[in-house]
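Counting starts at 1 for both ligands and their atoms, following the listed order.
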Amino acid sequence: MASSSTVTKIRKLTGAMVGIPPRHIDFLFPDTTPKYFYAGNATATTFFVMLSGFFPPGERYFMESVRHFRSHVKDETLRAAVSGFMGQEAIHGREHDRMNEFLAERGFDMEAPDRFVKIGLGILEMLPHSTRLAATTFMEHFTALLAEQLLNDDGFRQHADPEMIKIWQWHALEELEHKAVAYDVYELVGNTQTERIAAALASMIVLLPMLGITWTWILAKDKQLGNIPDNIAGLLALFGPKGFVSQIVPRLPEFLQKRFHPNDHDTTELESIWRDKLFSEEGQLYAQHNNRIA
Ligand SMILES: [Fe+2]
Ligand SMILES: [Fe+2]
């Protein structure tokens, strides 16, 4: 006979039940993938190489900062959302590790992100636990903005290699699905605007130089720093008037507002469109998605 605790376990909500399913995907990194997978441009490509190198250690930092306060979460829906967040971020780290091995085989110096970004994260680890979580909520805001831009910007995506863009689209969708989780946990442990501002500043002061150094290092080791036409075209694609990064910068300060919440900016329709594009039976990743029921 099933005990009441067994019944409780069976009914326990999962991340998938609250719209945050950790999806196991077999991404393909075929030999035919061009080395400069973004528009044949080394400068823009290495920006994404740098980001991919940052993700595994960065996402472990995010997970650790949320895990520290997991016991504070009593609400069953938020507990399930935290499980979904942990699952998604763990798989993101694992898949970017795989991608980073492929990029290393292609000749990019993938030890550079580890060397430099870990210095920055090591400094952020000295902060009090609640400030670390506040820093995570800021970086989740930043990644959600990047994700939304990537999914909305058809012109930008069209310049990317069609196979390589899939991992970025999957990651972007899941960043939007779980964009409020760390913040909702932070609300439980005492969200203050002052701490959020301090954490955002600390994150930018510590991480932006490290990301810049990593990007420049990878580009220099690849002998493409000083390839002026390539450098200018890549910088314009990212930081020009209609550049990929330029378009998210105006929205970064939303995080500093007193009454900020990630869900105030509704992305549910965009998420639904992309769930369909990627994971419906005709979707780009349907055949590579290994745990469809989850
Ligand atoms: Fe992620
Ligand atoms: Fe995330």
Side-chain angles (χ1 to χ4, degrees), residues 15-16 18-25 27 47-70 73 78-100 103 113-114 117-118 120-121 124 132-151 164-187 196 199-200 203-204 207 211 248 251-252 254-255 260-263 265 267-268 270-271 274-275 278-279 285 289 291 294:
V18 296
I20 307 176
R23 301 176 180 91
H24 291 276
I25 317 281
F27 285 103
F47 176 81
F48 289 98
V49 169
M50 173 272 288
L51 275 185
S52 184
F54 168 78
F55 285 139
E59 301 192 291
R60 276 192 285 279
Y61 175 92
F62 303 163
M63 288 163 66
E64 282 307 313
S65 67
V66 171
R67 187 178 290 125
H68 182 82
F69 291 108
R70 204 172 187 172
V73 182
L78 186 53
R79 287 181 75 87
V82 169
S83 297
F85 166 83
M86 293 289 184
Q88 287 190 338
E89 294 292 36
I91 300 170
H92 297 170
R94 187 187 73 198
E95 290 306 311
H96 277 278
D97 271 335
R98 283 187 56 228
M99 178 173 162
N100 294 341
L103 294 171
D114 249 26
V117 176
K118 277 187 178 166
L121 291 172
L124 292 181
R132 284 192 224 176
L133 182 56
T136 293
T137 67
F138 174 67
M139 288 184 267
E140 283 283 279
H141 174 58
F142 179 66
T143 46
L145 293 180
L146 280 178
E148 189 180 351
Q149 184 63 28
L150 185 97
L151 297 181
M164 187 56 100
I165 194 71
K166 290 178 183 172
I167 187 168
W168 297 91
Q169 289 166 343
W170 156 79
H171 194 162
L173 169 64
E174 294 194 352
E175 286 304 319
L176 292 182
E177 287 175 335
H178 73 229
K179 67 179 180 177
V181 177
Y183 198 87
D184 285 340
V185 175
Y186 180 55
E187 299 249 61
R196 269 192 283 126
S203 306
M204 286 195 289
L207 288 179
L211 295 175
I248 70 159
R251 290 198 44 214
L252 269 178
E254 289 170 10
F255 179 82
F260 168 80
H261 188 279
N263 287 342
H265 181 74
T267 51
T268 49
L270 184 65
E271 291 163 42
W274 276 92
R275 263 192 296 274
L278 298 180
F279 300 112
L285 288 171
H289 182 192
N291 61 333

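- The two residues Met99 and Ser52 make their nearest non-hydrogen contact at SD-OG, 3.8 Å.
- No other N/O/S atom of Glu140 lies as close to the Fe ion (ligand 2) as OE2 does.
- Note that Arg196 lies outside the cation-pi zone of Phe260, set by a 6.0 Å cut-off to the ring centre and a 45° limit from the axis.
- Contact detail for Ile248 and Leu145: the closest heavy-atom pair is CG2-O, 3.6 Å.
- For the Fe ion (ligand 1), the count of nearby protein N, O or S atoms, meaning those under 2.8 Å away, is 5.
- Ion pairing between Glu148 and Lys179 fails under the 4.0 Å rule for side-chain N and carboxylate O.
- Glu175 and His171 form a side-chain donor-acceptor contact under 3.5 Å, judged by distance and modelled atom types alone.
- Between Arg275 and Glu177 there is a salt bridge, since at least one side-chain N of the basic residue sits less than 4.0 Å from a carboxylate O of the acidic one.
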